[in-house]
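As structure tokens, the structure follows; a few thoughts come after it.
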Amino acid sequence: MIRSNFSLLHYNTFGIDETAQLFFSFTTINELIEFLTNNFRKDLPFFVLGGGSNVLLTKPFAGTIIHPENTGIDIIEETDTEVFVKVAAGEIWDDFVQWAVEHNLHGVENLSYIPGCVGASPVQNIGAYGAEAKDSIYQVECLSVADVKKRIFNNTECKFGYRDSIFKHDEAGKYIVTHVVFRLLKHAPFNLEYGSLQNIDAATATLQTVRDTIIEIRKSKLPDPKEIGSAGSFFKNPVIPNEQAELLKNTYPNMVTYPAGDGFTKIAAGWLIDSLGLKGFSIGGAQVHPKQALVLTNKGGATSSDVVSLAKHIQQQVLDTYRITISPEVIYL
Ligand code: EPU
């Protein structure tokens with residue numbers, strides 16, 4: 001389906017009303033191949049928009065939005081210990097996690113209830129509760145926009161990092177993810193190290209109880225996208241040199257920090273923002289979520305400039321007080 005001047009209101013979880021000059025959605029790979037071969041405007045930029053749960057639309061998009069709606073979760077190979085599952089980019093991420101849990105397969109249960117589509121999971125290397133998509137991704141199948149050829153990236157080639165991959169850098173704007181192949185495990189210890197998961201009894205835990213606990217925690221801290229628009233964590237947790245972190249810790253002993261390896265420390269951006277008393281602070285319709293300072297919400301009628309102004313205000317306050325630059329996790333379009 002190709003549309004012009006198409007409203008993206010229902011295609012971003014922030015609930016911002018901006019348009020796309022061209023909008024194309026596909027349910028089969030053949031439709032995508034046909035579009036790229038015959039109708040794709042190579043003179044304009046394009047952006048692949050999945051669930052729209054990690055973008056901030058800041059202006060009308062003067063290009064093509066490509067929206068995958070292909071579906072399918074298929075076991076393609078199985079050994080005594082592992083199951084390789086090929087999942088279409090347009091599948092809802094949490095439907096896939098539920099499928100894995102129901103099939104008793106380990107690996108993605110800690111990523112329960114993350115909004116968005118499967119196609120975005122390798123691009124952003126989504127993560128939560130001590131797990132990241134990269135731990136389970138075996139390979140990523142793409143179509144190259146330039147020559148409409150299939151290209152497969154294995155896990156190493158994806159150069160995964162914290163909320164990061166090759167698809168945001170060297171290969172940005174060159175490929176459309178069509179499927180992701182996950183390597184799930186038939187047996188594996190549960191990953192219950194993360195703070196609030198430590199209350200789960202590892203001896204009696206099941207994939208379903210881990211999933212249920214995570215859904216409960218997420219629901220208690222994060223706004224329900226069906227009720228309040230947001231894009232999850234708005235900022236990344238900044239990583240700074242250990243020396244700088246130690247100096248800050250002397251002045252602010254309660255600051256939440258995690259070792260990040262190689263002489264670096266990760267700081268909880270939520271703590272930084274919260275410590276400045278910004279929970280509940282708003283500009284226009286954009287608000288810092290009263291229960292989790294890392295999340296910016298649309299409390300009603302927010303424009304993109306409200307959100308951008310709020311984000312800038314927070315960044316400036318954090319910089320002024322802590323000399324730390326925090327950058328958005330959310331992609332500005
Ligand atoms: N904190 C505060 N005040 C706040 C928020 C957080 O003091 O308002 C403190 C918490 O008490 C905690 C620390 O900061 O000690 C970290 O907070 P939390 O455990 O809630 O995790 P986070 O760093 O805020 C990250 C991910 C989330 C993911 C959670 C759980 C990023 C940018 N965010 O958040 O991912 O769900 O960990 O693993 O890494 C997302 O990417 O959209 C997202 C929600």
Side-chain angles (χ1 to χ4, degrees), residues 12-14 50-56 93-94 97 108-117 120-135 160-165 168 191-200 210-211 213-225 228-240 245 248-249 252-260 265-281 287-297 310-311 314-315 317-318 321-322 324-331:
N12 71 105
T13 56
F14 245 119
S53 55
N54 211 48
V55 292
L56 176 64
W93 170 262
D94 196 52
V97 175
V108 288
E109 62 279 4
N110 285 26
L111 306 178
S112 286
Y113 214 58
I114 292 184
C117 292
S121 62
V123 179
Q124 181 72 353
N125 182 24
I126 57 174
Y129 306 103
E132 286 182 302
K134 74 170 173 59
D135 308 331
F160 289 120
Y162 169 53
R163 297 295 193 275
D164 206 17
S165 74
K168 283 178 138 185
N191 179 354
L192 305 175
E193 296 295 304
Y194 190 90
S196 32
L197 300 189
Q198 285 170 6
N199 300 331
I200 302 178
V210 173
R211 172 169 165 77
T213 307
I214 285 170
I215 291 178
E216 215 173 288
I217 302 171
R218 289 189 74 97
K219 280 188 172 168
S220 70
K221 281 204 211 172
L222 301 169
D224 179 350
I228 302 172
S230 94
S233 297
F234 193 91
F235 298 101
K236 287 193 271 201
N237 288 323
V239 176
I240 62 172
L248 282 164
K249 269 273 202 192
Y252 307 101
N254 296 332
M255 180 178 277
V256 179
T257 61
Y258 316 94
T265 300
K266 190 183 269 188
I267 314 286
W271 184 91
L272 295 173
I273 301 166
D274 191 1
S275 71
L276 296 167
L278 288 169
K279 266 187 187 160
F281 178 79
Q287 184 180 38
V288 180
H289 189 48
K291 291 191 208 159
Q292 161 55 291
L294 197 51
V295 176
L296 305 190
T297 66
L310 181 60
I314 294 166
Q315 284 172 304
Q317 296 259 310
V318 169
T321 307
Y322 298 107
I324 293 177
T325 301
I326 53 170
S327 29
E329 182 200 89
V330 166
I331 297 163

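Just follow the structure's listing: the first ligand is 1, and inside any ligand the first atom is 1. Values below: every heavy atom of this structure, side chains too, minus hydrogens, waters and symmetry copies.
Atom CD of Q317 is separated from atom CG of L278 by 5.5 Å, given to the nearest 0.5 angstrom. Here the OH-CG distance, from Y252 to L272, works out to 10.0 Å after rounding to the nearest 0.5 Å. For the atom pair CG of L294 and CZ of F234, the computed distance is 10.0 Å after rounding to the nearest 0.5 Å. Distance check, rounded to the nearest 0.5 Å: CG of L296 to CG of L56 gives 9.0 Å.
The protein heavy-atom contact nearest to atom 35 (O) of ligand 1 is R163 NH2, 3.0 Å. Protein heavy atom nearest atom 1 (N) of ligand 1, with residue, atom name and distance: W271 N, 3.7 Å. For atom 10 (C) of ligand 1, the closest non-hydrogen atom of the protein is V256 CG2, 4.9 Å. Of the protein's heavy atoms, Y129 N, 2.6 Å lies nearest to atom 38 (O) of ligand 1. The protein atom (non-hydrogen) at minimum distance from atom 36 (O) of ligand 1 is R218 NH1, 3.1 Å. The closest protein non-hydrogen atom to atom 22 (P) of ligand 1 is L294 CD2, 3.9 Å.
Judged as a side chain to side chain contact (heavy atoms under 4.5 Å, CB included), and not counting sequence neighbours, the contacts of R218 are Y113, I114, P115, A128, Y129, I214, L222. Taking N199 as the reference, nothing meets the side chain to side chain contact (heavy atoms under 4.5 Å, CB included) condition, with sequence neighbours excluded.
Checked by distance only, ligand 1 and A293 come closer than 3.5 Å through their nitrogen or oxygen atoms. Residue Y258 has no nitrogen or oxygen atom sitting less than 3.5 Å from a nitrogen or oxygen atom of ligand 1, judged on distance alone. Considering backbone and side-chain atoms together, Y194 places an N or O closer than 3.5 Å to an N or O of ligand 1. Checking only distances, K291 never comes within under 3.5 Å of ligand 1, N or O to N or O.
Against a heavy-atom cut-off of under 4.0 Å, N237 is close to the following atoms of ligand 1: 23 (O), 31 (C), 39 (O). Atoms of ligand 1 lying under 4.0 Å from any heavy atom of G232, numbered from 1 in the order shown and given with element: 42 (O). Which parts of ligand 1 touch D274 is read off a 4.0 Å heavy-atom cut-off, strictly below it: atoms 2 (C), 3 (N), 4 (C), 7 (O), 8 (O). Residue contact check: E329 has heavy atoms under 4.0 Å from atoms 31 (C), 32 (C), 40 (C), 41 (O), 42 (O) of ligand 1. Applying the 4.0 Å criterion to heavy atoms of K279 picks out, from ligand 1, the atoms 8 (O). Residue A268 has at least one heavy-atom neighbour below 4.0 Å for each of these atoms of ligand 1: 13 (C), 14 (O), 16 (C). Heavy-atom proximity to A128, at under 4.0 Å, picks out these atoms of ligand 1: 28 (C), 36 (O), 38 (O). Atoms of ligand 1 found under 4.0 Å from any heavy atom of Y162 (numbered from 1 in listed order, with element): 31 (C), 32 (C), 39 (O).
At a threshold of 4.0 Å, the pair D164-K134 does not count as salt-bridged, since none of the basic side-chain nitrogens sits closer than that to a carboxylate oxygen.
Within the 3.5 Å criterion, the main-chain N or O of A269 finds a donor-acceptor partner in the side chain of N237. When atom types are taken as modelled, the side chain of W93 and the backbone of L111 share a donor-acceptor pair closer than 3.5 angstrom. Checked by atom type and distance alone, the side chain of H289 never pairs as donor or acceptor with a backbone atom of G232 at under 3.5 Å. N110 places a side-chain N or O within donor-acceptor distance of the main-chain N or O of N191, the cut-off being under 3.5 Å. Within the 3.5 Å criterion, the main-chain N or O of F160 finds no donor-acceptor partner in the side chain of S165. In this structure, the side chain of N125 engages the main chain of G161 through a donor-acceptor pair within 3.5 Å. Within the 3.5 Å criterion, the main-chain N or O of M255 finds a donor-acceptor partner in the side chain of K249.
Both the backbone and the side chain of S233 come within 4.0 Å of ligand 1, judged by heavy-atom distances.
The shell of residues lying under 4.0 angstrom from ligand 1, judged by heavy atoms, excludes Q124. The shell of residues lying under 4.0 angstrom from ligand 1, judged by heavy atoms, excludes F234. The closest approach between any non-hydrogen atom of H289 and ligand 1 is not below 4.0 Å.
Less than 4.0 angstrom separates atom 24 (O) of ligand 1 from at least one non-hydrogen atom of the protein. Per-atom contact check: atom 5 (C) of ligand 1 touches the protein, criterion being a heavy-atom distance below 4.0 Å.
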